[in-house]
Structure formats: structure tokens, C-alpha cells
S.K.: 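The structure follows.
Only this structure's heavy atoms are used, side chains among them; waters, hydrogens and symmetry mates stay out.
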Amino acid sequence: QVQLVESGGGLVQAGGSLRLSCAASGRTFSVYAMGWFRQAPGKEREFVARITWGSGNTYYVDSVKGRFTISRDNAKNTVYLQMNSLKPEDTAVYYCAAQNVVGLNYNYWGQGTQVTVSS
């Protein structure tokens with residue numbers, strides 16, 4: 001099992017920045033990659049970014065490219081999402097998820113942290 005705890009959400013004005021953190025514990029050796037997802041009211045959960053633990057390869061949804069940066073600190077078992085130039089449409093609950101090396105399924109999820117961007 002892998003446990004994930006997100007932090008860093010809050011209220012920010014458009015154009016501002018926030019840094020989300022996700023601390024992982026448990027069987028982290030079984031994790032292939034860490035991903036960030038978000039869900040706004042009335043919308044389905046959306047993939048935002050992911051990073052592999054081993055190589056650090058990153059991938060982003062087009063809407064956040066150039067604005068968001070995902071990174072990880074392997075020693076701390078922590079993944080970060082640096083969000084710059086935030087827009088009101090970025091408002092959502094942001095979830096951290098762990099992708100298992102077996103099957104590459106996102107089997108583990110955090111509780112989420114609210115990000116609100118005001119205009």
C-alpha cells in the first residue's frame with residue numbers, strides 16, 4: 001500500500017503562483033510514476049501532469065504546458081507541482097496519484113487539496 005498526503009492548496013489571484021506537495025509513504029518502491037489530477041465542480045477528473053520516479057520523465061496536459069512544472073525529490077518521497085501564471089480555469093481540487101509498476105494503474109490517491117484562482 002502507498003499513502004499520499006497533499007498540501008499547498010489555497011486561494012490566489014490570477015497570475016499568481018502556488019506550489020503543491022504530495023508526500024508518499026508505504027510501499028513506494030512499487031511506484032512507477034506520480035501524477036497530478038484535478039477536478040472542478042461539474043467536470044470529470046482531468047489529468048494534469050506526471051513524472052516517473054526512475055528517470056524523471058515528465059508529461060503535461062496542453063492547458064498547463066509552460067505554466068506548471070512537476071518535480072520530485074526521491075529522498076523525501078515527495079512530488080511537487082509548481083503552478084505559475086494561474087488562471088481562474090485552474091480552479092479545482094487537485095489530487096496526487098501513484099502509478100503502480102504493475103499494470104501502470106493509478107491505484108493510490110490522496111485526499112485532494114483545493115486550489116482557487118480568483119479573477
S.K.: Please list all pairs passing the salt bridge (charged side-chain N to carboxylate O under 4.0 Å, His left out) test where one or both residues lie in residues 55-65, with sequence neighbours left out.
M.R.: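 Pairs touching residues 55-65 that pass the test: Asp62-Lys65.
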S.K.: Show the atom names and distances, to 0.1 Å, of all donor-acceptor pairs under 3.5 Å that link a side chain in residues 107-114 to residues at least two apart or in another chain.
M.R.:
| residue | atom | partner | partner atom | Å |
| --- | --- | --- | --- | --- |
| Trp109 | NE1 | Tyr106 | O | 3.0 |
| Thr113 | OG1 | Gly9 | N | 3.1 |
| Gln114 | NE2 | Ala92 | O | 3.4 |
| Gln114 | NE2 | Thr116 | OG1 | 3.3 |

S.K.: Working to the nearest 0.5 angstrom, can you tell me the gap between Thr78 OG1 and Met34 CE?
M.R.: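 Answer rounded to 0.5 Å: 8.5 Å.
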S.K.: Mind listing the closest non-hydrogen atom pair of Pro88 and Ala14 along with its distance?
M.R.: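 Looking at all heavy atoms of both residues, the shortest contact is CD-CB, 4.1 Å.
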S.K.: Any salt bridge (charged side-chain N to carboxylate O under 4.0 Å, His left out) pairs touching residues 91-113, not counting sequence neighbours?
M.R.: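 Counting only pairs at least two positions apart or across chains, no salt bridge (charged side-chain N to carboxylate O under 4.0 Å, His left out) contact touches residues 91-113.
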S.K.: Can you run down the disulfide bond (SG atoms under 2.5 Å apart) pairs that involve residues 36-119, sequence neighbours left out, and say none if there aren't any?
M.R.: Cys22-Cys96
S.K.: How many angstroms lie between CD in Glu44 and CZ in Phe37, if you round to the nearest 0.5 Å?
M.R.: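 Going from the CD atom of Glu44 to the CZ atom of Phe37 covers 11.5 Å.
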S.K.: Can you list the other members of the hydrophobic cluster that holds Val102, where links are side-chain heavy atoms under 4.5 angstrom apart?
M.R.: Tyr32, Val101, Leu104
S.K.: Check whether any side-chain heavy atom of Leu20 lies under 4.5 Å from a side-chain heavy atom of Gln82, and answer yes or no.
M.R.: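 Not in contact.
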S.K.: Identify, with sequence neighbours excluded, every residue that meets salt bridge (Lys or Arg N to Asp or Glu O under 4.0 Å) alongside Glu46.
M.R.: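 Partners of Glu46 under the salt bridge (Lys or Arg N to Asp or Glu O under 4.0 Å) test: Arg38.
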S.K.: Please list all pairs passing the side chain to side chain donor-acceptor pair (under 3.5 Å) test where one or both residues lie in residues 3-23, with sequence neighbours left out.
M.R.: Gln3-Ser25, Ser17-Asn84
S.K.: Between Val2 and Ala24, which heavy-atom pair has the shortest distance, and what is it?
M.R.: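 Shortest heavy-atom separation between Val2 and Ala24 comes out as CG1-CB, 4.4 Å.
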S.K.: Going from CD on Glu89 to OG on Ser63, what distance comes out if it is rounded to the nearest 0.5 angstrom?
M.R.: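 Spacing of CD (Glu89) from OG (Ser63) equals 8.5 Å.
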S.K.: Considering residues at least two apart in sequence or located in another chain, which fulfil the salt bridge (Lys or Arg N to Asp or Glu O under 4.0 Å) criterion with Lys43?
M.R.: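 Salt bridge (Lys or Arg N to Asp or Glu O under 4.0 Å) check on Lys43 returns nothing, list empty.
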S.K.: What pairs of donor and acceptor atoms, side-chain ones from residues 47-60 against any protein atom, are under 3.5 angstrom apart with sequence neighbours left out?
M.R.:
| residue | atom | partner | partner atom | Å |
| --- | --- | --- | --- | --- |
| Arg50 | NH1 | Asn57 | O | 2.8 |
| Thr52 | OG1 | Ser55 | OG | 2.7 |
| Thr52 | OG1 | Gly56 | N | 3.1 |
| Thr52 | OG1 | Asn57 | N | 3.0 |
| Ser55 | OG | Asn57 | N | 3.4 |
| Ser55 | OG | Asn57 | ND2 | 3.0 |
| Tyr60 | OH | Ile70 | N | 2.9 |

S.K.: Which residues pass the side-chain hydrogen bond (donor to acceptor under 3.5 Å, both in side chains) test with Arg45, sequence neighbours left out?
M.R.: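 Counting only residues at least two positions away or on another chain, Arg45 forms no side-chain hydrogen bond (donor to acceptor under 3.5 Å, both in side chains).
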S.K.: May I ask you to test the Leu86-Phe68 pair for a side-chain heavy-atom distance under 4.5 Å?
M.R.: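 They are in contact (side-chain heavy atoms under 4.5 Å apart), so the answer is yes.
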S.K.: Could you name each residue pair satisfying disulfide bond (SG atoms under 2.5 Å apart) that touches residues 30-75, not counting sequence neighbours?
M.R.: none
S.K.: In sequence, state the C-alpha distance, the side-chain angles, and the governing distance for Asn105 and Gln99, and then conclude on side chain to side chain contact (heavy atoms under 4.5 Å, CB included).
M.R.: CA-CA 5 Å; Asn105 300 309; Gln99 188 177 35; over 6 Å; no
S.K.: Step by step, work out the side chain to side chain contact (heavy atoms under 4.5 Å, CB included) result for Val12 and Leu18.
M.R.: CA-CA 8 Å; Val12 65; Leu18 282 174; 4.0 Å; yes
S.K.: Suppose the criterion is ring-ring contact (aromatic ring centres under 6.0 Å, His included): which pairs have a residue in residues 70-101, not counting sequence neighbours?
M.R.: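 Matches after skipping sequence neighbours: none remain.
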S.K.: Can a donor-acceptor pair be found, under 3.5 Å and without considering hydrogens, that links the side chain of Ser30 to the backbone of Thr28?
M.R.: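 No; judged by distance alone, with no hydrogens or angles, the pair does not exist.
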